[in-house]
Colleague: 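This is the structure I want to talk about, given as structure tokens.
Quick caveat, the model's predicted, so the values are computed rather than measured. For this chain, numbers begin at 1 and follow the sequence in order.
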Amino acid sequence: MAALAGVGTTWYTWLEQGRDVRASLDVLEALARALKLTPAERAHLVTLGRGEQAPPPPPEREHASATVRRLVENLDPSPAYLLGRRSDYLGWNRACSVLFGDLSLVPPGKRNHLWLTFMDPARRALMGAEWDRTARRQVARFRADYASHVGDPQFDKLVDSLLEQSPDFRMLWSRHEVASSGEGRKEINHPVAGKLFFEHAMFRHGENPEHRLLLYSPLPDGNTPAKLAKLLRRK
């Protein structure tokens, strides 16, 4: 543990033994990261170690490894994207861009699956009549993730922004529903190609289970494979 946190073994042993040592905030932050503590556990560690309230943790920008990003990109022609713990987009491929819109054009602070569902009119139009069902399930899945990150300022910031700006989100959030991710079928009303039909499934990364790969497989309905291929040629 001392090696993972980057502190001296002797000093860490004294800390575990409860000797009269006062850890700096930097050391406690390093221990919290090494132990992969939740925000609430981190705050408790700082209180025990320093007898004071923990300051808000610095924002941590999530990212996927280059290997995983390349894997997602190479899943063309099937649309695919990778979501982080807060449903931020961490990677996507060309097929995802032609289907849902080019995420590279979205400001990084708004490049979030839940935010775009509720705040982007183009994304809402893609869902058509399925938007209500899709949005309800997304909120239920997000609430399940949120429960594991109580006190995380990044989660709170997203929720507060949506509560303030989206009446639809406020209504769904007040239901306190939870759901898990899995498989499903989706109909997309594409502005160029028309109706497209997909099956989709979610996969978690073994080394980082909070990273989720969403993969869409085109169905034969509505000539979807040919329409998707045409969109990819146009891109």
Colleague: Carefully, step by step, assess L103 and C96 under the rule side chain to side chain contact (heavy atoms under 4.5 Å, CB included).
Modeller: CA-CA 9 Å; L103 290 167; C96 173; 4.2 Å; yes

Colleague: Do you know which two heavy atoms are closest between R86 and L158, and how far apart they sit?
Modeller: NH1-CB, 3.7 Å

Colleague: Supply the atom-to-atom distance L214 CG to L75 CG, rounded to the nearest 0.5 angstrom.
Modeller: 11.5 Å

Colleague: Please list every donor-acceptor pair under 3.5 Å in which a side-chain atom of residues 188-206 meets a protein atom from a residue at least two apart or in another chain.
Modeller:
residue : atom : partner : partner atom : Å
N189    : OD1  : K195    : NZ           : 2.8
H190    : ND1  : V192    : N            : 3.0
H190    : ND1  : A193    : N            : 3.2
H190    : NE2  : V98     : O            : 2.7
K195    : NZ   : E187    : OE2          : 2.7
R204    : NH1  : P209    : O            : 2.7

Colleague: Going through the checks in order, is the side chain to side chain contact (heavy atoms under 4.5 Å, CB included) test met by R85 and H149?
Modeller: CA-CA 9 Å; R85 66 179 183 275; H149 295 276; 3.6 Å; yes

Colleague: Measuring from atom CG of L114 to atom OG of S161, what distance do you get when rounded to the nearest 0.5 angstrom?
Modeller: 11.0 Å

Colleague: Measure the CG-CD distance between L90 and E210 for me, rounded to the nearest 0.5 Å.
Modeller: 11.0 Å

Colleague: Please list, one pair per line, the donor and acceptor atoms closer than 3.5 Å that link side chains of residues 65-72 to other protein atoms, with sequence neighbours excluded.
Modeller:
residue : atom : partner : partner atom : Å
S65     : OG   : V68     : N            : 3.2
R69     : NH1  : A64     : O            : 2.5

Colleague: Applying side-chain contact (heavy atoms from CB on, under 4.5 Å), name anything that partners A179, two or more places apart in sequence or on another chain.
Modeller: R137, A140, R141

Colleague: Applying side chain to side chain contact (heavy atoms under 4.5 Å, CB included) to E130 and K186, what does each step give before you reach the verdict?
Modeller: CA-CA 8 Å; E130 289 195 357; K186 193 173 292 293; 4.1 Å; yes

Colleague: Of all heavy-atom pairs between L82 and L213, which one has the smallest distance, and what is that distance?
Modeller: CD1-N, 3.8 Å

Colleague: Say you draw a straight line from CZ of F142 to CG of L83; how long is it, rounded to the nearest 0.5 Å?
Modeller: 11.5 Å

Colleague: Taking all heavy atoms of S78 and all of L215, pick out the closest pair and write down the distance.
Modeller: CB-CD1, 3.9 Å

Colleague: What are the two closest heavy atoms between P218 and T224, and how far apart are they?
Modeller: CB-CG2, 3.7 Å

Colleague: Hey, is R136 close enough to E177 for a salt bridge, meaning N to O under 4.0 Å?
Modeller: yes

Colleague: Please list, chain by chain and in numerical order, all residues satisfying salt bridge (charged side-chain N to carboxylate O under 4.0 Å, His left out) with R111, sequence neighbours excluded.
Modeller: none

Colleague: Scan for side chain to side chain donor-acceptor pair (under 3.5 Å) pairs involving residues 115-126, sequence neighbours excluded, and state none if there are none.
Modeller: Y89-R123, T117-Q138, R124-D168

Colleague: Could you check whether Y216 and F100 have their ring centres less than 6.0 Å apart?
Modeller: yes

Colleague: What I'd like to find out is whether the side chain of D145 reaches to under 4.5 Å of the side chain of R212, using heavy atoms alone.
Modeller: yes

Colleague: I'd like to know whether NZ of K157 has more than 12 heavy-atom contacts from other residues, nucleotides or ligands below 6.0 angstrom.
Modeller: no

Colleague: Can a donor-acceptor pair be found, under 3.5 Å and without considering hydrogens, that links the side chain of S166 to the backbone of L162?
Modeller: no

Colleague: Would you please classify the geometry between the H113 ring and the Y81 ring as parallel, tilted or perpendicular, with 30° and 60° separating the classes?
Modeller: tilted

Colleague: What distance separates L228 CG from L219 CG, expressed to the nearest 0.5 Å?
Modeller: 11.5 Å

Colleague: Please lay out, stage by stage, how L163 and F169 fare under the test side chain to side chain contact (heavy atoms under 4.5 Å, CB included).
Modeller: CA-CA 6 Å; L163 287 172; F169 180 82; 3.8 Å; yes

Colleague: I'd like to know if E73 pairs up with R94 as an ion pair, taking the criterion as any Lys NZ or Arg NE/NH1/NH2 lying under 4.0 Å from an Asp or Glu carboxylate oxygen.
Modeller: no

Colleague: Give every residue pair that meets the salt bridge (charged side-chain N to carboxylate O under 4.0 Å, His left out) criterion with at least one member in residues 213-223, sequence neighbours excluded.
Modeller: R185-D221

Colleague: Could you check whether Y146 and D152, counting side-chain N and O atoms only, form a donor-acceptor pair closer than 3.5 Å?
Modeller: no

Colleague: Working to the nearest 0.5 angstrom, can you tell me the gap between S97 OG and D102 CG?
Modeller: 4.5 Å

